[in-house]
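For reference, the structure discussed in these notes is given below.
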Amino acid sequence: QLKLVESGGGLVQPGGSLGLSCAASGFSLDYYAIGWFRQAPGKGREGLACITYNGGSTNYADSVKGRFTISRDNAKKEMYLQMNSLKPEDTAVYYCAAHYLSCPEPANYDVWGQGTQVTVSS
């Protein structure tokens, strides 16, 4: 069974940092692009960042560009989202998703994780 599991969420103060991880089981991530998304209460899903299967290309939403960094370690079968300068409006459930080779439109990802809560509050 193809599965992604996010970890690293929690409570952080405004201006702080948090690192999320996304681990795969049941398949190899070597040939999969990984995207990170979030969904805040009462809002739709927002695409944040994507990295291609070989790490050769990344893209970011304007809302997180310069603050968030997506990366991957295929040897460890893990993907990461480093979040810096966090703001209260970053509070949401964060999800990772996988798609074969390239970064697709959000609706076309093949595998999704269950999400991890990130709360930015003083």
Side-chain angles (χ1 to χ4, degrees):
Q1 182 180 4
L2 309 185
K3 189 176 179 182
L4 294 174
V5 179
E6 303 91 342
S7 61
L11 175 64
V12 62
Q13 292 188 343
S17 298
L18 204 59
L20 303 182
S21 298
C22 173
S25 64
F27 69 110
S28 171
L29 283 173
D30 288 359
Y31 295 102
Y32 282 81
I34 295 295
W36 282 96
F37 297 80
R38 68 185 177 190
Q39 187 163 17
K43 295 188 176 181
R45 183 178 59 197
E46 178 186 12
L48 303 176
C50 184
I51 185 168
T52 52
Y53 77 101
N54 61 357
S57 179
T58 58
N59 57 66
Y60 295 90
D62 288 343
S63 59
V64 302
K65 196 173 296 183
R67 298 190 299 125
F68 291 10
T69 302
I70 189 171
S71 61
R72 64 189 298 148
D73 185 336
N74 284 0
K76 295 183 178 180
K77 296 186 177 181
E78 289 193 346
M79 314 297 139
Y80 309 103
L81 186 69
Q82 178 63 37
M83 305 184 294
N84 299 327
S85 302
L86 284 162
K87 307 173 184 179
E89 51 264 43
D90 294 318
T91 296
V93 177
Y94 283 69
Y95 302 87
C96 61
H99 181 269
Y100 190 65
L101 295 182
S102 61
C103 296
E105 292 297 317
N108 293 334
Y109 278 84
D110 304 306
V111 187
W112 288 83
Q114 294 299 306
T116 185
Q117 176 70 44
V118 172
T119 302
V120 184
S121 174
S122 55

[atom1]-[atom2] distance between [X] and [Y], expressed to the nearest 0.5 angstrom:
X     : Y      : atom1 : atom2 : value
Glu78 : Cys96  : CD    : SG    : 10.5 Å
Arg72 : Leu29  : CZ    : CG    : 6.0 Å
Asn54 : Ser102 : CG    : OG    : 11.0 Å

How far apart are the closest heavy atoms of [X] and [Y], and which atoms are they?
X      : Y      : result
Ala33  : Cys103 : CB-N, 3.9 Å
Pro106 : Trp112 : O-CZ2, 3.5 Å
Gln114 : Glu6   : N-OE1, 3.1 Å
Ala49  : Leu81  : CB-CD1, 4.5 Å
Lys43  : Gln39  : O-NE2, 3.0 Å
Ser17  : Ser85  : OG-N, 4.4 Å

Look at the side-chain heavy atoms of Ile, Leu, Val, Met, Phe, Trp and Tyr, link any pair under 4.5 Å apart, and say whether [X] and [Y] land in one connected group.
X      : Y      : value
Val111 : Tyr95  : no
Tyr60  : Val118 : yes
Leu18  : Ile34  : yes
Val64  : Met83  : yes
Leu11  : Leu20  : no

Full working for ring-ring contact (aromatic ring centres under 6.0 Å, His included) between Trp36 and Phe68: CA-CA 10 Å; Trp36 282 96; Phe68 291 10; 9.8 Å; no

Enclosure of Glu105 CD (heavy-atom neighbours >12, cutoff 6.0 Å): no

Enclosure of Gln117 CD (heavy-atom neighbours >12, cutoff 6.0 Å):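 Count over threshold, so yes.
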
Residues that Gln82 engages under side-chain hydrogen bond (donor to acceptor under 3.5 Å, both in side chains), provided they are two or more places apart: Asn84

[Y] and [X], any side-chain heavy atoms less than 4.5 Å apart:
X     : Y     : value
Leu4  : Phe27 : yes
Leu48 : Lys65 : no
Gln13 : Leu86 : no

All pairs passing salt bridge (Lys or Arg N to Asp or Glu O under 4.0 Å) where residues 33-42 contributes a residue, at least two apart: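 The answer is Arg38-Glu46, Arg38-Asp90.
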
Single hit among Tyr32, Tyr53, Tyr109 for ring-ring contact (aromatic ring centres under 6.0 Å, His included) with Tyr100: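 In the set Tyr32, Tyr53, Tyr109, the residue that makes a ring-ring contact (aromatic ring centres under 6.0 Å, His included) with Tyr100 is Tyr32.
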
